[in-house]
Amino acid sequence: QVQLMESGGGLVQPGGSLRLSCAASESRINPRGWYRQAPGKERELVARITSGGITDYADSVKGRFTISRDNAKNAVYLQMNSLKPDDTAVYYCNALKQRYFEVWGQGTLVTVSS
């Protein structure tokens, strides 16, 4: 059984929007953020959020992306607006299991192109 269910990726034109979702399969796994990796580039932090709602963003996405969480659903979301071609990457949900063990989603592809 997959531990993290990711959705929302796809093809969008520059300036468009997408909303990514990440839900955990069990209560012991708690999503906390999103990373991305483009071809030929290092994996980088996009956004993260604590259980208390404190957020952190990469400089390149500040003002355009918004991360949120729903504790009742044990899920995190990434609203991506004003998308640019440089945002094209595979986006990975990141989570903690039983506080100390790191868990990664399989990745969802976001392509920003005309």
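Side-chain N or O atoms of Glu102 include none that pairs as donor or acceptor with a backbone N or O of Ala95 at under 3.5 Å. Side chain of Asn74 to main chain of Glu26: a donor-acceptor pair is present (N/O by atom type, distance under 3.5 Å, no hydrogens or angles).
Side-chain contact between Arg36 and Glu44 is present, with at least one heavy-atom pair separated by less than 4.5 Å. For the pair Tyr57/Arg48, no side-chain contact is recorded, criterion being any heavy-atom separation below 4.5 Å from C-beta on. Put simply, the side chain of Ser113 does not reach to within 4.5 Å of the side chain of Pro85, judged on heavy atoms. When side chains are defined from C-beta on, Tyr77 does not count as touching Thr66, because their heavy atoms never get closer than 4.5 Å. Looking at Val110 and Thr88, their side chains never come closer than 4.5 Å, going by heavy atoms from C-beta outward.
The two residues Val76 and Arg32 have their closest heavy-atom pair at CG1-N, 4.1 Å. Taking each heavy atom of Ala24 and Pro31 in turn, the nearest pair found is CB-CD, 3.9 Å. In terms of heavy atoms, Arg69 sits closest to Ile49 at NH1-O, 3.2 Å.
Taking 4.0 Å as the cut-off between side-chain N and carboxylate O, Asp59 and Lys62 count as a salt-bridged pair.
Atoms OG1 and CG, on Thr108 and Leu18 in that order, are 9.0 Å from each other to the nearest 0.5 Å.
The one candidate from Cys93, Cys22, Ser21 that meets the side-chain contact (heavy atoms from CB on, under 4.5 Å) condition with Ser7 is Ser21.
Note that Arg43 lies in the cation-pi zone of Trp104, set by a 6.0 Å cut-off to the ring centre and a 45° limit from the axis.
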